Peer 1: 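Sharing a structure, written as structure tokens. Questions coming.
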Amino acid sequence: MVNRTLRAAGAVVTGLVLLAVPSAAQAANGTVGVRETVCADSLFVRTEPLGAWMGTLYAGQTFQVKGPKQGGYVYGFAYGHVNRNGWVQDGWFC
């Protein structure tokens, strides 16, 4: 029950964050095998889809899309100060 409540709270926070980033018309989905540039103002890197936060990528930073894609998230390597593998919400690349 607590875990489900925490996931629901995470979904609400994610929704609020999406209101603060560029519209989807300005961004695109990631392509597996491509090092994509982040188009969003900020993009959380997570341990799993909707998982724990482990860093933030900012506009202009890059993410190597490795795949798989799952539930609107994509797995890959976050360059820059994050510098590790993780999951980001798909659809926020230039």
Side-chain angles (χ1 to χ4, degrees):
M1 179 77 170
V2 172
N3 194 17
R4 193 173 355 171
T5 302
L6 289 174
R7 285 181 190 240
V12 169
V13 170
T14 299
L16 292 174
V17 168
L18 291 177
L19 295 175
V21 295
S23 70
Q26 297 173 328
N29 285 330
T31 302
V32 174
V34 175
R35 186 170 173 173
E36 300 279 7
T37 301
V38 174
C39 194
D41 289 337
S42 62
L43 187 62
F44 292 156
V45 181
R46 299 182 176 278
T47 58
E48 62 184 338
L50 291 176
W53 172 89
M54 61 184 204
T56 304
L57 290 172
Y58 296 97
Q61 292 185 317
T62 57
F63 184 82
Q64 176 72 41
V65 180
K66 295 180 177 182
K69 294 185 174 197
Q70 180 180 326
Y73 282 77
V74 64
Y75 181 79
F77 188 83
Y79 286 87
H81 66 279
V82 178
N83 206 33
R84 60 178 23 182
N85 287 306
W87 293 82
V88 297
Q89 189 174 37
D90 200 7
W92 297 106
F93 303 108
C94 297

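Remember, it's a predicted structure, so these values are computed and weren't measured experimentally. All values below were derived from every heavy atom in this structure, side-chain atoms included, with hydrogens, water molecules and symmetry-related copies excluded.
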Peer 1: Once you measure the plane-to-plane angle for Phe44 and Trp53, does it fall in the parallel (<30°), tilted (30-60°) or perpendicular (>60°) bin?
Peer 2: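 Answer is perpendicular, since the angle exceeds 60°.
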Peer 1: Check Val82 against Leu57 and note the closest heavy-atom contact, atom names and distance.
Peer 2: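 Closest pair (atom of Val82, atom of Leu57, distance): CG2-CD2, 4.3 Å.
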Peer 1: Show the numbers, then the answer: is there a side chain to side chain contact (heavy atoms under 4.5 Å, CB included) between Gln61 and His81?
Peer 2: CA-CA 9 Å; Gln61 292 185 317; His81 66 279; 3.5 Å; yes
Peer 1: In Å and rounded to the nearest 0.5 Å, what is the CZ to NZ distance from Phe77 to Lys66?
Peer 2: 7.0 Å
Peer 1: If two hydrophobic side chains count as joined below 4.5 Å and joins carry through other members, does Met54 share a cluster with Trp92?
Peer 2: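 As far as the 4.5 Å side-chain criterion goes, Trp92 and Met54 are connected within one cluster.
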Peer 1: Apply side chain to side chain contact (heavy atoms under 4.5 Å, CB included) to Tyr58 and Ser42, showing your working.
Peer 2: CA-CA 4 Å; Tyr58 296 97; Ser42 62; 3.9 Å; yes
Peer 1: Which pair of non-hydrogen atoms, one from Cys39 and one from Ala59, has the smallest distance, and what is that distance?
Peer 2: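 Taking Cys39 first and Ala59 second, the nearest heavy atoms are O-CB, 4.4 Å.
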Peer 1: Within 45° of the six-membered ring axis of Tyr79 and under 6.0 Å from that ring's centre, is NZ or CZ of Arg35 located there?
Peer 2: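 Flagged: Arg35 positioned over aromatic ring of Tyr79.
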Peer 1: To the closest 0.5 Å, what do you measure between CZ (Phe63) and CG (Leu43)?
Peer 2: 8.0 Å
Peer 1: Decide yes or no on side chain to side chain contact (heavy atoms under 4.5 Å, CB included) for Leu50 and Trp87, but give the supporting numbers first.
Peer 2: CA-CA 9 Å; Leu50 291 176; Trp87 293 82; over 6 Å; no
Peer 1: Does Asp90 form a side chain to side chain contact (heavy atoms under 4.5 Å, CB included) with Asn29? I'd like the steps, not just the answer.
Peer 2: CA-CA 5 Å; Asp90 200 7; Asn29 285 330; 3.7 Å; yes
Peer 1: Would you confirm whether Lys69, through its side chain, and Val32, through its main-chain N or O, come within 3.5 Å as a donor-acceptor pair?
Peer 2: no
Peer 1: With no hydrogens and no angle check, is any side-chain donor or acceptor of Gln64 less than 3.5 Å from a backbone partner on Glu36?
Peer 2: no
